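Encoded as structure tokens, the structure appears first; notes follow it.
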Amino acid sequence: TKVGTRAFANCDSLISVTIPESVTVIGNEAFSNSTVKGELTLPSNLTTIGEGAFNGCANLTSINIPEGITEIKGSTFNYCSKLTSINVEGEITSIGGTAFSGAGLISIDNLLTNLTDIPIQCFRQMPNLKEVEIPARIKYIGQTAFYGCSSLEKVIIRGAETFVGQTFDGCPKLKTLFLPNTLKSCGGLFTFYSSHNLEYVTLEQDFNCGDLDLSRSTLYSQDTLHAMIDALKQRGDDEEKYTLTLGTANLEKISDEYK
């Protein structure tokens with residue numbers, strides 16, 4: 001009923017695996033750094049996938065997550081670089097740090113649906129990820145969660161309250177961004193530090209986060225810059241003022257009435 005801890009770890013001649021339906025637990029690092037190849041079907045009765053179970057399985061291309069699995073633990077699919085498809089049959093409510101770091105997934109929409117937070121380095125350095133829409137129920141996005149996603153072009157965030165540093169650093173192709181008025185902490189300078197190609201930024205009306213730095217790009221149009229300023233919530237004299245950082249080149253584009 002169990003595949004034990006590191007049972008097939010580092011097996012360099014393992015190509016095909018059939019896991020019996022009687023198995024309910026896959027132990028920590030059970031297939032870590034093995035050469036298992038192609039599509040892997042997990043048994044429908046499975047209730048636990050251990051930490052790092054498929055870490056470094058660079059030839060794994062597709063896998064299902066059975067209905068009984070609600071948690072994907074840390075490093076489970078870390079650097080599964082050819083893993084482009086994952087079929088989630090139930091509801092994933094928790095994902096551990098570095099769970100999909102370096103994985104080849106094209107979309108993570110089905111992984112985000114029932115989460116409330118995205119932990120540290122969770123989706124770091126995923127080269128095939130081009131668009132992400134983060135649902136309103138996710139309130140926290142951890143440090144370097146999407147760091148180094150080199151193909152990421154569009155990010156829509158619906159209801160997050162906190163970013164931690166370098167969340168979207170290392171995403172040079174990021175062009176389109178939507179930020180909600182629920183944000184309370186944006187992580188400062190390094191959140192979008194490598195986003196030199198940001199062009200279309202939308203701040204939800206009554207945006208009220210005071211540590212947003214978008215100065216690394218100079219591609220914003222005057223209309224986009226004016227719309228950002230218009231979206232800011234009006235603050236009273238006794239409230240802390242904004243530190244929305246746009247940089248000198250962008251400030252020069254803003255008309256006098258907005259200064």
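The model shown is predicted, which means the values in this text are computed figures rather than measured ones.
Across every non-hydrogen atom of F163 and I157, the tightest pair is CZ-CD1, 3.2 Å. Scanning all heavy atoms of the two residues, the minimum distance from L246 to I254 falls at CD1-CD1, 4.1 Å. The two atoms that bring Y79 and R124 nearest to each other are OH-NH1, 4.2 Å, heavy atoms only. Closest of all the heavy-atom pairs between A136 and R158 is N-CB, 3.5 Å. Counting all heavy atoms, side chain and backbone alike, C171 lies closest to G148 at SG-N, 4.3 Å. Closest heavy-atom contact between A103 and P127: O-CD, 3.5 Å.
Note that CD1 of I15 and OG of S34 are 11.0 Å apart. Values are rounded to the nearest 0.5 Å. From R216, atom CZ reaches atom OG1 of T245 across 12.0 Å, with rounding to the nearest 0.5 Å. In this structure, CD1 on I63 lies 10.5 Å from CG on L105, to the nearest 0.5 angstrom. With values rounded to the nearest 0.5 angstrom, Y193 atom OH is found 9.5 Å from D213 atom CG. Distance NZ/K130 to NZ/K154: 13.5 Å, rounded to 0.5 Å. In this structure, SG in C80 is found 10.0 Å from CG in N59, a value given to the nearest 0.5 Å.
At a threshold of 4.5 Å between side-chain heavy atoms, the hydrophobic network of Ile, Leu, Val, Met, Phe, Trp and Tyr places I49 and F123 in one connected group. In this structure, I92 is not a member of the same hydrophobic cluster as V25, with clusters built from ILVMFWY side-chain heavy atoms closer than 4.5 Å. At a threshold of 4.5 Å between side-chain heavy atoms, the hydrophobic network of Ile, Leu, Val, Met, Phe, Trp and Tyr places F192 and L251 in one connected group. If you chain together hydrophobic residues whose side chains sit under 4.5 Å apart, V155 and L112 fall into the same group. With hydrophobic clusters built from ILVMFWY side chains whose heavy atoms lie under 4.5 angstrom apart, V88 shares a cluster with M126.
No side-chain heavy atom of T116 sits less than 4.5 Å from a side-chain heavy atom of K139. Looking at I118 and I134, their side chains come closer than 4.5 Å, going by heavy atoms from C-beta outward. Taking the side chain as every heavy atom from C-beta outward, T144 and T167 never approach each other to under 4.5 Å. When side chains are defined from C-beta on, I65 does not count as touching L46, because their heavy atoms never get closer than 4.5 Å. Inter-residue side-chain proximity for L244 and F207 is flagged as unmet; no heavy-atom pair is nearer than 4.5 Å. Residues I95 and L115 are in side-chain contact: their nearest non-hydrogen atoms beyond the backbone lie under 4.5 Å apart. Using a 4.5 Å heavy-atom threshold, the side chains of F100 and L111 count as touching. Inter-residue side-chain proximity for L40 and V17 is flagged as met; some heavy-atom pair is nearer than 4.5 Å.
A donor-acceptor distance shorter than 3.5 angstrom exists from the side chain of K253 to the backbone of Y220, with no hydrogens or angles considered. Checked by atom type and distance alone, the side chain of N28 never pairs as donor or acceptor with a backbone atom of T5 at under 3.5 Å. For the pair D206 (side chain) and K233 (backbone), a donor-acceptor distance under 3.5 Å is absent. One N or O on the side chain of N250 and one on the backbone of S217 form a donor-acceptor pair closer than 3.5 Å.
When the ring pair (Phe, Tyr, Trp, His ring centres under 6.0 Å) test is applied to H196, no partner is found at least two apart in sequence or on another chain.
More than 12 heavy atoms of other residues, nucleotides or ligands shown are found within 6.0 angstrom of CD on Q205. Around atom CZ of F8, no more than 12 heavy atoms belonging to other residues, nucleotides or ligands sit under 6.0 Å away. Counting non-hydrogen atoms of other residues, nucleotides and ligands closer than 6.0 Å to CD of E91 gives a total of 12 or fewer.
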task: Could you please spell out the steps behind the side chain to side chain contact (heavy atoms under 4.5 Å, CB included) verdict for L177 and F168?
output: CA-CA 11 Å; L177 177 67; F168 295 98; 5.8 Å; no
message: Please determine whether side chain to side chain contact (heavy atoms under 4.5 Å, CB included) holds for the pair L212 and L179, giving the CA-CA distance in whole Å, both sets of side-chain angles, and the decisive distance to 0.1 Å.
response: CA-CA 10 Å; L212 178 61; L179 297 177; 3.9 Å; yes
message: Applying side chain to side chain contact (heavy atoms under 4.5 Å, CB included) to L219 and Y200, what does each step give before you reach the verdict?
response: CA-CA 9 Å; L219 300 181; Y200 305 108; over 6 Å; no
- request: Might you work through the side chain to side chain contact (heavy atoms under 4.5 Å, CB included) test for E89 and N64, ending with a clear yes or no?
  value: CA-CA 7 Å; E89 297 170 2; N64 67 306; 3.3 Å; yes
message: Applying salt bridge (charged side-chain N to carboxylate O under 4.0 Å, His left out) to K173 and E153, what does each step give before you reach the verdict?
response: CA-CA 5 Å; K173 292 186 178 179; E153 298 176 359; 5.6 Å; no
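With I26 as the fixed residue, the side chain to side chain contact (heavy atoms under 4.5 Å, CB included) test singles out one of T47, T76, I69, I19: I19.
Looking at E21 and S44, their side chains do bring a donor and an acceptor atom within 3.5 Å of each other. Side-chain contact of S194 with D169: a donor-acceptor pair under 3.5 Å is present, judged by distance alone. Between the side chains of N208 and N181, no donor-acceptor pair is found at a separation under 3.5 Å. In the model, T98 has a side-chain atom that pairs as donor or acceptor with a side-chain atom of S75 under 3.5 Å. Remark: the D223 side chain and the S221 side chain contain no N/O donor-acceptor pair separated by less than 3.5 Å.
Using the six-membered ring where Trp is involved, Y258 and H226 have ring planes that are parallel, under 30° apart on the 30 and 60° scheme.
As a member of the Ile/Leu/Val/Met/Phe/Trp/Tyr network built from side-chain separations under 4.5 Å, Y140 groups with V164.
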